[in-house]
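Here is the structure we will look at, set down as structure tokens.
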Amino acid sequence: MALDPKFVGRAYGPFTYEIGREKLREFSLLLGGSVPSAGTFGEPPAHVSPLLYSREAAQAGPYGDIIAFPSFAVVFAIRPFSAAIADPELGVDRVRLVHGEQELEFLGVMRPGDVLTTTGHITELYRKAGMDFLVVTTETRNASGEPVVRGVWTAVIRSA
Amino acid sequence: MARTFQVGDTFTHVRQCDRLRPVYYAGASGDYNPIHLDPEVGRLAGFNGVILQGLCTLGWAVEAVAVFVGDPGLVRRVKVRFSRPVLPEDTVTFQGRVTAVADGRMSTEVTATNQRGEPVLRGAVVETSLG
């Protein structure tokens with residue numbers, strides 16, 4: 001059954017997230033291919049930039065502290081998309097859902113201690129080739145109100 | 001000394017999806033969807049077991065470009081379509097090509113294919129600042 005286009009414009013959030021230093025290290029190293037063992041994130045693979053996990057290297061670099069790997073943004077910016085998918089009134093069949101497309105725009109680097117607030121809303125709901133498409137657009141701002149990340153999240157719900 | 005980039009420059013980045021990578025990515029990202037963790041759920045969804053999170057593949061495409069430019073903080077935008085899931089024990093080859101360099105900004109097209117030559121991303125574009 002097609003999703004009802006009357007839900008275009010429905011808003012989710014705000015969701016607030018405070019960035020922690022060890023979480024940034026964990027994300028960067030595990031995405032980068034490290035193999036964790038008990039209590040550690042594992043050895044940094046050679047290709048992973050020390051700007052992502054070494055405070056000493058980062059202090060000598062352009063940002064003064066470690067920064068988030070850009071796609072770390074998905075950890076918090078996904079919240080309105082997840083909320084839309086779980087919205088009982090919208091009625092998405094999660095068994096048939098796949099993540100179809102993703103766009104992220106980074107307007108600034110993300111650092112430990114940043115408090116970021118994400119809001120989002122449904123921007124498109126349409127049916128194509130027998131599948132439903134749900135598009136959620138998000139915006140994440142820092143504590144000063146400046147935009148840091150924008151996202152466009154597309155779910156495809158396959159037919160039964 | 002700043003490195004210079006030109007339209008047509010290419011680079012390659014190869015990543016292995018080891019057997020537990022979906023578990024590691026789940027912990028790091030918070031994406032605990034059972035399709036990435038429970039082989040039975042993966043089979044119900046029509047796969048041979050679990051599949052890697054698409055956003056992990058997106059992260060690797062960004063990583064490919066971040067390694068090429070030498071600073072992950074310079075990445076400004078990424079856009080991808082997920083065309084096929086990455087499976088445990090797959091090897092994914094990312095091939096990038098610079099398509100535009102202007103006004104301190106660079107645009108790169110990235111293809112990602114598994115060891116069977118099948119594309120796992122389509123139309124992937126990553127844009128960076130040049131410092």
Side-chain angles (χ1 to χ4, degrees), chain A residues 17 23-36 41-42 45-52 58 61-63 66-76 78-79 82 85 94-111 149-154 156 158, chain B residues 13-31 33-35 41 44-46 51 53-85 121-129 131:
Chain A
Y17 184 91
K23 190 69 189 175
L24 290 191
R25 289 199 174 109
E26 178 190 27
F27 184 91
S28 294
L29 291 173
L30 294 185
L31 179 81
S34 72
V35 176
F41 304 141
H47 70 264
V48 176
S49 169
L51 298 175
L52 300 171
Y63 308 109
I66 68 164
I67 58 169
F69 184 79
S71 79
F72 179 79
V74 303
V75 171
F76 51 83
I78 199 171
R79 294 284 301 280
S82 302
I85 288 165
R94 282 196 257 188
V95 176
R96 285 194 281 275
L97 178 143
V98 293
H99 194 159
E101 298 181 35
Q102 183 64 49
E103 182 171 358
L104 293 166
E105 187 181 5
F106 310 103
L107 299 123
V109 295
M110 297 162 274
R111 296 179 170 84
V149 183
R150 294 197 182 107
V152 182
W153 311 68
T154 304
V156 182
R158 296 172 290 175
Chain B
H13 189 63
V14 178
R15 294 301 311 275
Q16 310 281 339
C17 178
D18 53 276
R19 215 159 54 80
L20 293 177
R21 196 54 44 184
V23 177
Y24 301 152
Y25 186 78
S29 69
D31 183 348
N33 186 328
I35 198 172
V41 173
L44 285 172
I51 61 173
Q53 291 86 345
L55 288 172
C56 184
T57 314
L58 173 147
W60 290 350
V62 170
E63 183 181 81
V65 176
V67 170
F68 177 62
V69 300
D71 178 351
L74 296 178
V75 177
R76 293 275 80 89
R77 183 172 166 268
V78 55
K79 183 175 186 178
V80 308
R81 282 165 61 200
F82 302 108
S83 49
R84 182 180 270 101
L121 297 177
R122 283 196 191 279
V125 175
V126 180
E127 293 175 11
T128 56
S129 300

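Chain letters run A, B, ... following the sequence lines, proteins first, then strands; residues in each count from 1. As the structure is a prediction and not an experimental result, all values here were calculated from the model.
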Show every donor-acceptor pair shorter than 3.5 Å between a side-chain atom in residues 19-29 of chain B and any protein atom, with sequence neighbours excluded, or say none if there are none.
unit_1	atom_1	unit_2	atom_2	d
B:Arg21	NE	B:Asp18	OD1	2.8
B:Arg21	NH1	A:Leu30	O	2.8
B:Arg21	NH1	A:Ser34	O	2.8
B:Arg21	NH2	A:Gly33	O	3.3
B:Arg21	NH2	A:Ser34	O	3.0
B:Arg21	NH2	B:Asp18	OD1	3.0
B:Ser29	OG	B:Tyr25	O	2.7
B:Ser29	OG	B:Asp31	N	3.1

Please state whether the side chain, the backbone, both or neither of A:Val74 comes within less than 4.5 Å of a heavy atom of chain B. side chain

Determine the option with the most heavy-atom pairs under 4.5 angstrom with chain B, choosing from A:Val109, A:Val35, A:Leu104, A:Leu52. A:Leu104

For chain B, which candidate among A:Ser71, A:Gly100, A:Ser28 shows the most heavy-atom pairs at distances under 4.5 Å? A:Gly100

When heavy-atom pairs shorter than 4.5 Å are enumerated against chain A, which of B:Ile35, B:Asp71, B:Val41, B:Val125 gives the highest number? B:Asp71

Name the region of A:Leu31, side chain, backbone, both or neither, that has any atom closer than 4.5 Å to a heavy atom of chain B. both

Name the member of B:Pro85, B:Ser129, B:Gly123, B:Gly73 that forms the most heavy-atom pairs with chain A at distances under 4.5 Å. B:Gly73

Of A:Phe72, A:Tyr63, A:Phe41, the largest count of non-hydrogen pairs under 4.5 angstrom with chain B goes to A:Tyr63

Examine whether an atom of A:Phe27 lies under 4.5 Å from a heavy atom of chain B, and if so say whether it belongs to the side chain, the backbone or both; otherwise answer neither. both

Between CD on residue B:Glu63 and CZ on residue A:Phe69, distance to nearest 0.5 Å: 5.5 Å

All side chain to side chain contact (heavy atoms under 4.5 Å, CB included) counterparts of B:Thr57, not counting sequence neighbours: B:Leu52, B:Val86, B:Phe94, B:Val120, B:Leu121

Counting N and O atoms only, with roles assigned by atom type, does the side chain of B:Arg81 sit under 3.5 Å from a partner on the main chain of A:Glu101, one being a donor and the other an acceptor? no

Checking heavy atoms, do the side chain of B:Arg15, its backbone, both or neither come under 4.5 Å from chain A? side chain

Counting only heavy atoms not in B:Lys79, do more than 12 sit closer than 6.0 Å to its NZ atom? no

What part of A:Pro62 gets closer than 4.5 Å to chain B, counting heavy atoms only: side chain, backbone, both or neither? side chain

Just wondering, are more than 12 heavy atoms of other shown residues or ligands nearer than 6.0 Å to CZ in A:Arg25? yes

Intermediate values then yes/no, salt bridge (Lys or Arg N to Asp or Glu O under 4.0 Å), B:Arg77 and A:Glu103: CA-CA 7 Å; B:Arg77 183 172 166 268; A:Glu103 182 171 358; 3.0 Å; yes

By a 4.5 Å heavy-atom criterion (distance strictly below it), what part of A:Arg94 contacts chain B: side chain, backbone, both, or neither? neither

Looking only at heavy atoms and a cut-off of under 4.5 Å, which of B:His13, B:Gln16, B:Glu127 has the most pairs with chain A? B:His13

Over 60° means perpendicular and under 30° means parallel, so classify the ring planes of A:His99 and A:Trp153, tilted if in between. parallel

Which distance, rounded to the nearest 0.5 Å, do you find between the CG of B:Leu58 and the CD of A:Gln102? 6.5 Å

If one checks every heavy atom of B:Val80 against chain A at 4.5 Å, the contacting part turns out to be both

